[in-house]
Amino acid sequence: MSNDSPVLSWKSPAPTDSRAGITLETYILEGMMGFPAASGAFTSLLNQIGLAAKLITSKVRRAGLANILGYTGETNVQGEQVQKLDEVANETLIASLGRRRHCAAIASEEMEEIKILSTDPRAKYVVVFDPLDGSSNIDVNISIGTIFGVLRRPDTGGIVTEADFLTPGKDLLAAGYVLYGSSTMLVISTGVEGGVHGFTYDPTVGEFFLSHENIRIPERGKTYSINEGNTAAWTDEVKRWNAWIKEEDKETDRPYGCRYVGTLVADAHRTLLKGGIFAYPADKKARGGKLRLLYEANPFAFIFEAAGGKASTGRERILDIVPEALHQRVPLVLGSPHDVDVFEQFMRGDR
Ligand code: AHM
Ligand code: MG
């Protein structure tokens with residue numbers, strides 16, 4: 001991949017000029033205007049993701065009416081088979097990205113294989129996504145999310161194949177997530193230079209407005225986030241780290257508090273804003289970890305690093321991993337630099 005490509009150099013204006021209150025579309029457009037040679041394809045693709053986020057949020061917000069409106073995977077009052085919300089989200093993203101010719105193909109958590117969306121040779125991008133993360137939380141009205149990453153095809157000639165997606169996360173052009181929480185937020189980054197920015201959705205206007213400009217993760221936090229129910233399956237290193245973080249020690253400000261939603265988007269978002277650590281390590285049940293490299297770990301690793309944080313397997317940097325398969329799993333540790341460093345020290349046996 002060449003570094004002097006106009007599209008690869010796409011970035012938002014310097015995060016020092018305050019742009020609080022601008023819409024997501026303006027942010028995306030200004031990013032393109034900061035680079036006159038840009039073709040508009042990347043801008044258009046990001047806008048289509050923003051559109052999908054609006055459409056999915058409107059469906060998520062009506063999910064509590066599932067028995068009346070559908071989205072349960074069962075039959076509705078008319079006796080018709082209704083779609084599950086994660087399938088609806090998946091199809092919404094595919095339809096939005098397929099409407100313009102710039103996205104060559106997508107890979108989704110919901111689909112075994114990649115899906116080709118455009119055979120136009122000018123289609124330079126592929127998109128990875130988890131359309132509805134935290135799906136076990138839908139039924140209980142707890143935050144869920146969407147995760148996405150945009151990659152440039154290594155070679156735009158020929159038909160897209162799975163190999164076009166098997167690129168390390170450090171090559172992502174953009175990554176983001178949408179959190180359907182007490183409000184809907186879209187957080188996006190085009191990398192370290194462009195920074196990480198959060199947009200809050202105003203449903204009365206139908207727009208995302210810049211509300212969290214240039215997010216920086218604190219150097220250290222006070223919260224850890226892990227599924228503690230897996231303790232029996234953890235390795236000794238993880239058990240030792242977990243015991244340490246819960247120990248009382250005034251000097252090092254321990255114990256940390258524990259928060260765990262069970263939706264990666266929600267747990268990672270809180271960790272990004274408040275600092276601390278999120279971990280889903282490998283254990284005896286999930287030896288390669290549980291979360292997926294391409295569309296869960298990589299987008300978050302990209303965002304955390306751009307916000308000054310760290311993302312690791314516990315032993316190596318997530319963004320350096322060369323993927324071998326579309327749905328590959330990986331141990332994932334995200335957080336404040338200090339907190340991830342400490343976790344890695346435990347994994348190495350240095351503590
Ligand atoms: P999903 O994409 O099928 O919803 O699964 C991924 C979710 C993550 O959001 C979350 O971090 C994790 O699985 C929770 O797993 P567990 O229930 O084992 O704690
Ligand atoms: Mg998921």
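We count ligands from 1, going down the list as the structure has it; atoms in each ligand are counted the same way. On a predicted model such as this, the values are computed, not experimentally measured, just so you know. All residue numbers in this chain count up from 1 along the given sequence.
In this structure, atom 13 (O) of ligand 1 lies nearest to the protein heavy atom K290 NZ, 3.0 Å. Protein heavy atom closest to atom 18 (O) of ligand 1, with residue, atom name and distance, is Y280 OH, 2.6 Å. Of all protein heavy atoms, the one closest to atom 2 (O) of ligand 1 is E109 OE2, 2.8 Å. Atom 19 (O) of ligand 1 has as its closest protein heavy atom Y260 OH, 2.5 Å. The protein heavy-atom contact nearest to atom 10 (C) of ligand 1 is G262 O, 3.4 Å. In this structure, atom 4 (O) of ligand 1 lies nearest to the protein heavy atom G134 N, 2.7 Å.
You'll find the side chain of R351 stays beyond 4.5 Å of the side chain of R240, heavy atoms only. Taking the side chain as every heavy atom from C-beta outward, M347 and V333 never approach each other to under 4.5 Å. Using a 4.5 Å heavy-atom threshold, the side chains of I318 and N298 count as touching. Annotation: side chain of D171 is not in contact with side chain of R152 (no heavy-atom distance under 4.5 Å). Counting only heavy atoms from C-beta outward, the side chains of T313 and I321 approach each other to under 4.5 Å.
Atoms of ligand 1 found under 4.0 Å from any heavy atom of E296 (numbered from 1 in listed order, with element): 2 (O), 6 (C). With ligand atoms numbered from 1 in the order given, ligand 1 contributes 2 (O) to contacts under 4.0 Å with heavy atoms of D130. Against a heavy-atom cut-off of under 4.0 Å, N227 is close to the following atoms of ligand 1: 16 (P), 18 (O), 19 (O). Numbered from 1 in the order shown, with element, the atoms of ligand 1 that lie under 4.0 Å from a heavy atom of S135 read 3 (O), 4 (O). Numbered from 1 in the order shown, with element, the atoms of ligand 1 that lie under 4.0 Å from a heavy atom of T263 read 9 (O).
At a 3.5 angstrom cut-off on N or O pairs, N230 does not count as close to ligand 1. Any N or O atom pair closer than 3.5 Å counts here, and S136 shares no such pair with ligand 1. By the 3.5 Å distance cut-off applied to N or O atoms, D133 is counted among the residues near ligand 1. Ligand 1 has no N or O atom lying under 3.5 Å from any N or O atom of F278, backbone or side chain. For a threshold of 3.5 Å applied to N or O pairs, the pair formed by L264 and ligand 1 contains at least one separation below that value.
Within 6.0 Å of NZ on K274 lie no more than 12 heavy atoms contributed by other residues, nucleotides or ligands. Counting heavy-atom neighbours within 6.0 Å of R259 CZ, excluding the residue itself, gives a total of 12 or less.
If you look at D267 next to ligand 1, there are no close heavy atoms at all, none under 4.0 Å.
Taking the six-membered ring where tryptophan is involved, the planes of F278 and Y260 are essentially parallel, since the angle between them stays under 30° and well short of 60°. Classification of the F343-W241 ring pair by plane angle, with boundaries at 30° and 60°, yields perpendicular. Using cut-offs of 30° and 60° for the angle between ring planes, the Y256 and W244 rings count as tilted.
For the residue pair E344/S312, the side-chain donor-acceptor check at 3.5 Å is satisfied. Looking at N230 and Y280, their side chains do bring a donor and an acceptor atom within 3.5 Å of each other.
Note on the Mg ion (ligand 2): protein N/O/S atoms under 2.8 Å are D130 OD2, D133 OD1, E296 OE2.
Hydrophobic cluster membership of V261, counting Ile, Leu, Val, Met, Phe, Trp and Tyr whose side-chain heavy atoms lie under 4.5 Å apart directly or via other members: V140, I142.
Interatomic distance, L294 CG to F129 CZ, rounded to the nearest 0.5 Å: 12.5 Å.
For R292, the heavy-atom gap to ligand 1 stays at 4.0 angstrom or more.
Between S143 and G181, the closest heavy-atom pair is OG-CA, 3.5 Å.
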